[in-house]
Amino acid sequence: MQYDIILIRYGEMTLKKKNYKQFLQKVNENIKKKCADLKDLKYFNTDYRFYIYLNGVDYNEVINRLNTVVGLYSYSLCVSVEPDYDKIALKAIELIKGEISGPTTFKVETNRSNKEFPATSIQISQEVAKRVLPKVDGLKVDVHNPEITLNIDLRSEGTYIFVKEIKGLGGYPSGIQGKGLLMMSGGIDSPVAGFLTIKKGVDLTAIHYYSPPYTSLNALQKVVDLLEKLAVYTSNGKIRLLVVPFTKVQDRIHEKANQIYMVTLMRRAMYKIADKICARDGISIIVNGESIGQVASQTLESMVVVNEVTNKPIIRPVATYDKEEIIAVSRKIGTYDISIRPYEDCCTVFVPEHPVIKPDLEKVKIEEEKCDFDDLIEEAVRNIEVITLNYKDKYSVFDDDTIDI
């Protein structure tokens, strides 16, 4: 079947009454950016629909790009037709025959937003169905559980028919909600947290705590590769990565503090650095991949003690997810196989056998005073390396652009 239009429906941003026009403009811009290399495409939009006129462009190329645009509820491959029963039926027969290979049940659904068409939605569906039914072998009507639904969209801008609805990512347009700082390890959870935050329209900067010689370039490359996957879903295809030299801070904690507090003190140091970055760069929130109770540092008591070092909101998108739910999302966005590469990040360095899981804030502060690492935190912030990742131009921290796994 030769489709000529892709009809796009907007997602939950339609609920944003006051800011709807702003959201609409942003998501339309993001669609055009993602399809910028497909020069023959033409665009048209109304308040609740966006149309891409293919003009001979392979629709699979367009769909691949739409699958990375947040703020879209769904889209359909359509055929445009004149608002005439016989002409609608003729195209519908061609469309249905291209989609079925044997006996099939169907129904017709009509959306008649163009009230100038002289019939009700039910009448239109009935008129088209009685013209289609005898022309397609093995086709039977089932209005309750059809195997295929012929959709007729009668609008003032045109009449469109389609049989498939492809689910979009939903959410809000990328970059519309402000800035967030993603605390990025190399594990499964933080990339998923990043993806879910991007879906809510937040423009992310990532921060990674790097501890050579305890962690290797392989661990850093994991983070780079994970962020390249997330960059696909941003409006400009890029994510900025801040690589924090964290070795001296960890060494100081290991040398001075009671080891059962190692994880808690390390996390507090990380959040102190993140807080300074947010203040410096005008970032509103901190995002992480913590899931309640998953490990010792993710008990509610630990979260409270760690949160105490910053007044920035800390967003935990996967806080209530089970591990299998997080893994399912990571597979969907293509990060799982990267996350399970056997290269450990700084969170595994010097971890005691029995870390405290319900830390007391006053005791933690006593141990923190022993470390006196404020000077090292300032030094770490001064020596951050900034890497801009682009999903189109693969970046590698290795000279030969390879990883031995």
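These numbers come from a predicted model, not from an experiment.
Using a 4.0 Å cut-off between charged nitrogen and carboxylate oxygen, E82 and K91 do not count as a salt-bridge pair. A salt bridge does not link K363 with E367: none of the charged nitrogens is closer than 4.0 Å to a carboxylate oxygen. For E61 and R65, the salt-bridge test passes: some basic side-chain N is under 4.0 Å from an acidic carboxylate O. Here R331 does not pair with E324 in a salt bridge; the nearest charged N to carboxylate O distance is not below 4.0 Å. A salt bridge is defined here as a Lys NZ or Arg NE, NH1 or NH2 lying under 4.0 Å from an Asp or Glu carboxylate O, and R252 with E255 fails to meet this definition.
Although no hydrogens or angles enter the test, the distance criterion places a donor-acceptor pair under 3.5 Å between the side chain of N64 and the main chain of N60. With hydrogens and angles disregarded, a donor-acceptor distance shorter than 3.5 Å links the side chain of D84 to the backbone of K87. Side-chain atoms of S291 come within 3.5 Å of backbone N or O of Y321 as a donor-acceptor pair. Side-chain atoms of N151 never come within 3.5 Å of backbone atoms of I161 as a donor-acceptor pair (strictly under, hydrogens ignored).
In this structure, L242 CG and L181 CG are separated by 6.5 Å, a value rounded to the nearest 0.5 Å. Note that CD1 of I52 and SG of C35 are 5.0 Å apart. Values are rounded to the nearest 0.5 Å. One distance of note links OG1 of T215 with NZ of K222; it measures 11.0 Å at 0.5 Å rounding. Rounded to the nearest 0.5 Å, atoms SG (C371) and CD1 (I253) are 5.5 Å apart.
Between K140 and T104, the side chains place no donor N or O within less than 3.5 Å of an acceptor N or O (distance only, hydrogens not considered). S174 and T234 are not linked by any side-chain donor-acceptor pair at a separation below 3.5 angstrom, with hydrogens and angles left out of the test. No side-chain donor-acceptor contact under 3.5 Å links D4 and Y160. There is a side-chain donor-acceptor pair under 3.5 Å between Y75 and N67. When only modelled atom types and interatomic distance are considered, Y214 and D251 share a side-chain donor-acceptor pair under 3.5 Å. The closest side-chain donor-acceptor pair between S121 and R112, if any, does not fall under 3.5 angstrom. Residues N28 and Y10 bring a donor and an acceptor atom of their side chains to less than 3.5 Å of each other.
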Working for side-chain contact (heavy atoms from CB on, under 4.5 Å), residues I387 and V243
CA-CA 8 Å; I387 303 171; V243 181; 4.0 Å; yes

Under the salt bridge (charged side-chain N to carboxylate O under 4.0 Å, His left out) rule, what do D281 and R240 come out as? Steps first, then yes or no, please.
CA-CA 12 Å; D281 294 355; R240 191 169 59 119; 3.2 Å; yes

After noting the C-alpha distance and the side-chain angles of E165 and S74, does the key distance pass the side chain to side chain donor-acceptor pair (under 3.5 Å) rule?
CA-CA 6 Å; E165 186 171 316; S74 66; 3.2 Å; yes

Step by step, work out the side-chain contact (heavy atoms from CB on, under 4.5 Å) result for E109 and L150.
CA-CA 6 Å; E109 283 194 355; L150 172 67; over 6 Å; no

Between Q298 and R316, does a side-chain contact (heavy atoms from CB on, under 4.5 Å) hold up when you go through it step by step?
CA-CA 11 Å; Q298 296 176 17; R316 297 175 170 90; over 6 Å; no

Intermediate values then yes/no, side chain to side chain donor-acceptor pair (under 3.5 Å), Q250 and S211
CA-CA 8 Å; Q250 285 192 286; S211 296; 2.5 Å; yes

I'd like to know whether T46 forms a side chain to side chain donor-acceptor pair (under 3.5 Å) with R155, so could you lay out the CA-CA distance, the side-chain angles of the two residues, the decisive distance to 0.1 Å, and finally the verdict.
CA-CA 11 Å; T46 66; R155 310 187 73 81; 4.9 Å; no

Under the ring-ring contact (aromatic ring centres under 6.0 Å, His included) rule, what do Y43 and Y53 come out as? Steps first, then yes or no, please.
CA-CA 6 Å; Y43 308 98; Y53 294 85; 9.0 Å; no

Kindly indicate, with the supporting measurements, whether the criterion side-chain contact (heavy atoms from CB on, under 4.5 Å) is fulfilled by I277 and I384.
CA-CA 10 Å; I277 298 301; I384 285 173; 3.3 Å; yes

E157 and Y51: side chain to side chain donor-acceptor pair (under 3.5 Å), yes or no, with the steps?
CA-CA 10 Å; E157 62 267 18; Y51 300 93; 2.5 Å; yes

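A side-chain contact (heavy atoms from CB on, under 4.5 Å) with L241 is found for one member of I207, L227, L182, T205 and no other, namely L227. Under the side-chain contact (heavy atoms from CB on, under 4.5 Å) rule, I148 has a single partner from L95, I100, T105, which is I100. Between K312 and the options I285, I283, I286, a side-chain contact (heavy atoms from CB on, under 4.5 Å) holds for only I286.
Nearest heavy-atom pair, A257 versus L265, reported as atom, atom and distance to 0.1 Å: CB-CD1, 3.4 Å. Taking both residues in full, the closest heavy atoms of V232 and K34 are given as O-NZ, 2.7 Å, listed atom of the first, atom of the second, then distance. Taking all atoms of both residues into account, the shortest heavy-atom contact from V287 to T197 is CG1-OG1, 3.3 Å. Residues L154 and P83 share a closest heavy-atom pair of CD2-CB, 4.1 Å. Here the closest non-hydrogen pair linking S302 and V356 is OG-O, 4.5 Å.
Sparse packing is recorded around NZ of K248, with 12 or fewer heavy atoms of other residues, nucleotides or ligands lying under 6.0 Å away. At most 12 non-hydrogen atoms from other residues, nucleotides or ligands lie less than 6.0 angstrom from NZ of K256. Surrounding NZ of K42 are at most 12 heavy atoms belonging to other residues, nucleotides or ligands under 6.0 Å away. For I63, the CD1 atom is densely surrounded, since the number of other residues' heavy atoms within 6.0 Å is greater than 12. Heavy atoms from other residues, nucleotides or ligands lying under 6.0 Å from NZ of K229 number 12 at most.
With sequence neighbours excluded, no residue satisfies side chain to side chain donor-acceptor pair (under 3.5 Å) with S339.
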